[in-house]
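One structure is given here, and the rest of the page talks about it.
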Amino acid sequence: MKEILQDLSFSELVSLMEEYGEKKFRASQLYRGLMQGKKISAISDLSKPLREKLLERFEDEPVKIQEVFTGSDGTEKYLFRLADGNLIEGVFMKYSYGNTQCVSTQVGCRMGCLFCASTLGGLIRNLTSGEILSEVLVVNARHGGTLEKRQVTNLVLMGSGEPLDNYDHTVKFLRNVTAEGGIHISARNISLSTCGIVPNMRRLADEGIPLNLTISLHNTSDEDRGRTMPIARKYKISEILDACSYYFEKTGRRYIFEYSLIAGENCNRAHGEALIKLLKGRPCHVNLIRLNEVKERNLTTLSEKDAYRFLGLLQKGGLSATLRRRIGNDIGGACGQLRAGYLKGECE
Ligand code: SAH
């Protein structure tokens with residue numbers, strides 16, 4: 001695979017143009033073209049020889065929309081093809097306050113969570129910052145977004161992969177996607193979800209990027225959590241909570257816990273009470289999600305009625321909590337389901 005030009009920040013593009021003996025304004029034209037989601041070969045304000053020179057070294061189209069699946073609720077799910085042929089997925093959801101895109105940070109995942117389809121084939125490779133950024137750029141362009149009027153206003157790093165297991169590229173992506181002059185999505189509109197890689201949660205707090213930190217909790221004791229999330233054997237819930245406090249101290253931002261409801265695993269009355277005990281008084285919110293059943297795994301979701309009962313228990317106990325609306329369920333909305341299906345030839 002060639003290099004990824006979208007890995008470079010604007011100032012790095014300025015240096016590249018200098019290196020090529022080009023005038024400085026070429027860097028602005030190039031940056032603008034890239035941020036509009038254009039292929040290098042289609043940035044027509046650059047001379048043809050310059051484009052050709054760039055194409056010798058860089059991928060023309062690092063992320064390509066291979067297929068689009070549209071759900072009955074208007075949610076779009078994408079299968080993206082990378083330059084080396086690997087597949088990743090993304091989702092685009094319309095809300096009253098703006099449009100949210102869910103992006104992937106790795107091809108596959110090595111975290112091994114039992115309920116998640118992204119990890120079924122293990123980790124294939126990390127995405128580079130420019131590949132993650134390109135996911136956003138091509139979707140913004142697809143919806144007619146420009147740099148003046150973006151169509152992607154919010155981001156969640158909740159596609160396949162564990163962002164804090166690909167730390168450097170994820171942070172570089174965050175810097176580039178929030179940079180002024182680029183697609184410039186506000187960090188406050190970005191949520192990063194982690195299964196709880198504690199040292200990197202602390203490093204992230206030190207980066208000074210005011211995003212929404214989201215932690216996949218999914219159980220209330222280390223032992224029970226370890227049954228569905230192998231990472232729980234490495235980092236304790238108490239260590240995660242300490243890292244969250246550190247995050248709040250550093251950024252002043254409250255944090256969010258994701259809690260996917262799995263029948264018989266994590267959502268009886270005792271679990272509710274334990275969750276209240278763990279989180280009460282903390283500057284946090286709990287997002288309940290009804291499990292999207294992955295057919296390779298033998299886990300079932302809680303009924304809607306019981307999910308609301310569990311929600312009521314948490315709220316009565318003094319927690320700020322909501323039950324997330326199920327979206328894109330008819331198009332394999334959960335992490336990794338689309339790619340896993342596609343790889344098996346089910347979506348063709
Ligand atoms: N690696 C990150 C991002 C994962 S995806 C993390 O672990 O947080 C975002 C959320 O969806 C996580 O909370 C993840 O645990 C959850 N999730 C994964 N598969 C799911 C499924 N089948 N049903 C419901 N939630 C799921």
Side-chain angles (χ1 to χ4, degrees), residues 1-65 80-84 88 90 99 101 103-105 126-155 157 163 166-190 192 207-211:
M1 210 168 85
K2 294 181 194 169
E3 290 175 57
I4 308 286
L5 191 56
Q6 290 80 352
D7 280 342
L8 305 188
S9 65
F10 176 63
S11 62
E12 288 166 333
L13 285 180
V14 171
S15 311
L16 183 75
M17 288 300 100
E18 261 170 28
E19 197 185 293
Y20 281 14
E22 295 284 342
K23 298 224 169 63
K24 207 173 164 185
F25 73 92
R26 293 287 174 210
S28 306
Q29 290 177 326
L30 178 55
Y31 187 61
R32 224 185 130 69
L34 294 175
M35 291 299 132
Q36 286 169 332
K38 290 188 180 164
K39 293 198 246 183
I40 299 173
S41 57
I43 305 178
S44 52
D45 36 7
L46 299 180
S47 70
K48 210 154 180 241
L50 175 55
R51 277 183 268 164
E52 274 161 11
K53 189 167 180 194
L54 286 166
L55 287 171
E56 281 166 22
R57 179 168 160 196
F58 297 102
E59 289 295 343
D60 194 22
E61 197 178 22
V63 174
K64 183 175 155 188
I65 300 180
F80 298 114
R81 182 174 288 274
L82 306 177
D84 64 357
I88 51 166
N99 300 329
Q101 185 181 346
V103 297
S104 292
T105 52
N126 282 330
L127 297 184
T128 74
S129 67
E131 287 177 313
I132 308 172
L133 181 62
S134 294
E135 293 176 53
V136 183
L137 302 178
V138 297
V139 169
N140 187 54
R142 172 185 157 77
H143 287 273
T146 59
L147 297 188
E148 287 69 36
K149 198 170 183 320
R150 280 157 297 157
Q151 283 299 319
V152 178
T153 53
N154 298 59
L155 289 177
L157 277 64
N166 182 15
Y167 187 85
D168 293 341
H169 281 296
T170 295
V171 168
K172 183 153 194 212
F173 157 71
L174 291 169
R175 298 214 184 281
N176 288 343
V177 82
T178 54
E180 267 179 57
I183 187 160
H184 193 196
I185 294 178
S186 160
R188 289 170 186 275
N189 292 348
I190 302 178
L192 181 149
E207 301 281 353
I209 306 171
L211 52 71

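For Lys38, the NZ atom is densely surrounded, since the number of other residues' heavy atoms within 6.0 Å is greater than 12. Heavy atoms from other residues, nucleotides or ligands lying under 6.0 Å from NZ of Lys39 number 12 at most.
The CD1 atom of Ile40 sits 10.5 Å away from the CZ atom of Arg51 when rounded to the nearest 0.5 Å. We find the CG-CD distance between Leu155 and Gln101 to be 6.5 Å, quoted to the nearest 0.5 Å. Annotation: the span from Gln36 atom CD to Leu147 atom CG amounts to 5.0 Å, rounded to 0.5 Å. A distance of 10.5 Å separates CD1 in Ile185 from CG in Leu174, rounded to the nearest 0.5 Å.
Within the 4.5 Å cutoff, the side chain of Ile190 has no heavy atoms near those of the Ile209 side chain. Counting heavy atoms from C-beta on, the side chains of Leu127 and Phe173 never come closer than 4.5 Å. Here the side chains of Leu50 and Leu30 are not in contact, with every heavy-atom distance at 4.5 Å or above. Side-chain contact between Leu211 and Leu157: absent, with no pair of heavy atoms (C-beta onward) separated by less than 4.5 Å. Proximity of Glu207 to Tyr167: side-chain heavy atoms (C-beta onward) are separated by under 4.5 Å at one or more points. Put simply, the side chain of Asn154 does not reach to within 4.5 Å of the side chain of Asn99, judged on heavy atoms. Between Phe10 and Ser28, some side-chain heavy-atom pair lies under the 4.5 Å cut-off.
Every residue two or more places apart in sequence or in another chain that forms a salt bridge (charged side-chain N to carboxylate O under 4.0 Å, His left out) with Asp84 is listed here: Arg125. By the side-chain contact (heavy atoms from CB on, under 4.5 Å) test, Glu19 is found to be paired with Leu16, Arg57, residues two or more places apart in sequence or in another chain being considered.
Of all heavy-atom pairs between Ser104 and Ile132, the closest is O-CG2, 3.8 Å. Residues Ile43 and Gln29 approach most closely at CG2-O, 4.0 Å, considering heavy atoms. Leu54 and Met17 get closest at one heavy-atom pair: CD2-CE, 4.2 Å. When all heavy atoms of Leu5 and Phe58 are compared, the pair lying nearest together is N-CD2, 3.5 Å. Between Gln6 and Pro62, the closest heavy-atom pair is OE1-CG, 3.3 Å. Across all their heavy atoms, Glu131 and Met1 have their closest contact at OE2-CE, 3.6 Å.
Screening residues 132-145 for side chain to side chain donor-acceptor pair (under 3.5 Å) gives Glu76-Arg142, Glu76-His143, Tyr78-His143 as the qualifying pairs, with residues at least two apart or on separate chains.
A salt bridge is absent between Lys53 and Glu22; no separation between the charged side-chain nitrogens and carboxylate oxygens falls under 4.0 Å.
The closest donor-acceptor contact from the side chain of Asp7 to the backbone of Gly130 lies under 3.5 Å. Counting only distance, with no hydrogens or angles, the side chain of Thr178 and the backbone of Ala187 share no donor-acceptor pair below 3.5 Å. Of the possible donor and acceptor atoms, none in the side chain of Arg81 sits under 3.5 Å from a partner among the backbone N and O of Lys64. In this structure, Lys2 contributes its side chain and Leu55 its backbone to a donor-acceptor pair below 3.5 Å.
In this model, no donor atom of one side chain and acceptor atom of the other lie less than 3.5 Å apart for Thr105 and Asn166.
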Side chain to side chain contact (heavy atoms under 4.5 Å, CB included) assessment of Val139 paired with Phe80: CA-CA 10 Å; Val139 169; Phe80 298 114; 3.8 Å; yes
